[in-house]
Number of protein chains: 2
Amino acid sequence: MPHPIRILHYGLGPIGVRIARLVASRPNLLCVGAVDIDPSKVGQDVATVAGLGQRVGVTVQPELRTALTQEKPDLVLHATGSRLSSVLPQFLALAEAGLPVVSTCEELSYPWFHHPDEARQIDDAARRAGVSILSTGINPGFIMDALPIVLSSVCPLVTAVRVRRVVDLSLRRMQLQQKVGVKMSRAEFEARRAEGKLGHVGLPESVAMIAAGLGWQLEKVEQALDPVIAPVALESALGPVAVGEVQGQHQFARGYVGGEERIILELKMALQAADAGDFVQLEGPEPVSSDIHGVQGDIATGAIIVNAIPNVLAAAHGLRTMLDMPPLRSVG
Amino acid sequence: MPHPIRILHYGLGPIGVRIARLVASRPNLLCVGAVDIDPSKVGQDVATVAGLGQRVGVTVQPELRTALTQEKPDLVLHATGSRLSSVLPQFLALAEAGLPVVSTCEELSYPWFHHPDEARQIDDAARRAGVSILSTGINPGFIMDALPIVLSSVCPLVTAVRVRRVVDLSLRRMQLQQKVGVKMSRAEFEARRAEGKLGHVGLPESVAMIAAGLGWQLEKVEQALDPVIAPVALESALGPVAVGEVQGQHQFARGYVGGEERIILELKMALQAADAGDFVQLEGPEPVSSDIHGVQGDIATGAIIVNAIPNVLAAAHGLRTMLDMPPLRSVG
């Protein structure tokens, strides 16, 4: 493995910035390039954008092409979008440039069920280029898919998987509160939901990864999304939330195998959620369960992306998933 | 991967028998051989020894050599002993016979710190033979090493690892109660401890695996073992336990890195232990913890050994550890 490993940051939004800070803190990693389309970031030093104390000496470029005229990176940390339809060309361009990638793109975490054509294109391009591409994160990428699969290793037989993740939005950034629909009226929430503009992306990918991991023939995935309505007035990063306004969302994805609901993923994100944490339950003759505490989405996503770097550099070429990866580790 | 995968059972003690039962329940696995030195088992059908309803059609042989004159297995499930000093020749013979192995041998789970010479010998033999050898289990193999490492993937920085496993011996087999020292006097426990005949094997290996996984330079491992004395009269599989007699054991292994205790593993096994379960804690600026319930040692060890089969058949040649393995899965 090269030392230090030269990193290009592709996308410096809220998650990209966290990733850049963690990269700057690791002596075996070196930022050599950065791309973001935001005009307020272009031309700035990465340190300014990421809120780092010391200059990095790397200027944010508006596109990949110009960023690559500088020092060639060993790997790209990609955090530009959740939807494969919008970021597919970026992955193809990265493969064409011969660059391994760790991405946060939710739909790429396990695209073989819902987006098999895009998955095949990216896999082919990465194999041709002799590089590996992995998308991971916390959800999808860990809590609702890789972790239940790892826990299944101690089970003689698993008949159903349930995961419940509860996020206390009061402790999270304004953008996330906004994305979830905090302060909306119920009617506004329902209208935006109808447009497909609400809801966390990636639960169906987690369902598909679990099914593939456990060797189950997945028939269909159903999703549901409801507002959580404030029963009392609440504070939020967007200002006060009145009684009857939206304080969060409650989302489900259900995977059917053999006509039965066998994978049930539940994500609740709400202001002042009292029961924050993660609960993984593997049903079967010898059930196993796990309560996990402390996995804060943004921080932990930054960590798992950076911790994936050695695994991706060592992986077989092509589009990889967490099912292929030896344990990612925090080597700080 | 061959279908079905032909399995040879090497060792049909309490764990080997569980493994054989799980193998018999999986349609993609086929028992084609079995070895055990116990004269009461030699010459019996595997089904008789393992308590299976239907004949397997495989007779237990007293040694590997004779077992291999039958159909050649694709892989050996090895469960004969905890100590490398006693089972090393078995691994060398298996490698020489060109057989991949999944083993329960505790000291082989991560032998590179405490038994580097034996590890090198086995690794060399496996590479020469073009096969992979993995030892795994619950403890060592999962709860106190692989699982904390997997959880570290979501941490920006881990500064210390603590794992506490509490086993309610009242729910476990007589042999385990006996091994732990149930019904001994304190003096007898201390005498046997001084002879090195008490204590669970494998905690130092878990410490070493965690250190290697997190990139820590392990300096030394300290162990402690104390009896748990019954404060009231208790029932056990060995008969009544009087006040003042041993009802269990309490064991610690501590790993030092940079002069500091950074890996602390605690194993308590006692009759009527109220707080049974597993607790993993990763310390650092963003601490993560997990409470795990339902991981019964014998059952879960049988499961993880069988679930490791596809991984070992697909692994790079040589002596592998859980650090090298993509997620093992329960594909029942």
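Just so we're on the same page: letters track the sequence lines, and every chain starts at 1. Owing to the predicted nature of the structure, the values given are computational and were not obtained by experimental measurement.
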Review point. Among Thr136(A), Ile304(A), Leu147(A), which one satisfies side chain to side chain contact (heavy atoms under 4.5 Å, CB included) with Ser153(B)?
Key: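 The residue from Thr136(A), Ile304(A), Leu147(A) that satisfies side chain to side chain contact (heavy atoms under 4.5 Å, CB included) with Ser153(B) turns out to be Ile304(A).
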Do you know which of [options] has the most heavy-atom pairs under 4.5 Å to chain A?
options: Pro326(B), Pro287(B), Gly215(B); value: Pro326(B)
options: Ala146(B), Gly284(B), Pro327(B); value: Pro327(B)
options: Gly294(B), Ser330(B), Ala303(B); value: Ser330(B)
options: Val158(B), Leu151(B), Ile299(B), Val280(B); value: Ile299(B)

Review point. Side chain, backbone, both or neither: which part of Val306(A) has a heavy atom under 4.5 Å from chain B?
Key: neither
Point to revise | chain B contact via Arg18(A) - side chain, backbone, both or neither, heavy atoms under 4.5 Å | key: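 Neither; nothing under 4.5 Å.
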**Study point:** Atom pair OG (Ser152(A)) and CZ (Arg329(B)), whose distance is rounded to the nearest 0.5 Å
**Key:** 8.5 Å
Point to revise | Pick from Ile292(A), Leu323(A), Leu157(A) with the largest number of heavy-atom pairs that fall under 4.5 Å of chain B | key: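 The candidate making the most pairs under 4.5 Å is Leu323(A).
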**Study point:** Selection residues 303-323 of chain B - residue pairs positive for salt bridge (charged side-chain N to carboxylate O under 4.0 Å, His left out), sequence neighbours left out
**Key:**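 Found Arg320(B)-Asp324(B).
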Review point. What residues of residues 137-145 of chain A sit under 4.5 Å from chain B when only non-hydrogen atoms are counted?
Key: Ile138(A), Phe142(A)
Check your understanding: Any idea which heavy atoms bring Val154(A) and Asn307(B) closest together, and the distance?
Key -> N-ND2, 4.4 Å
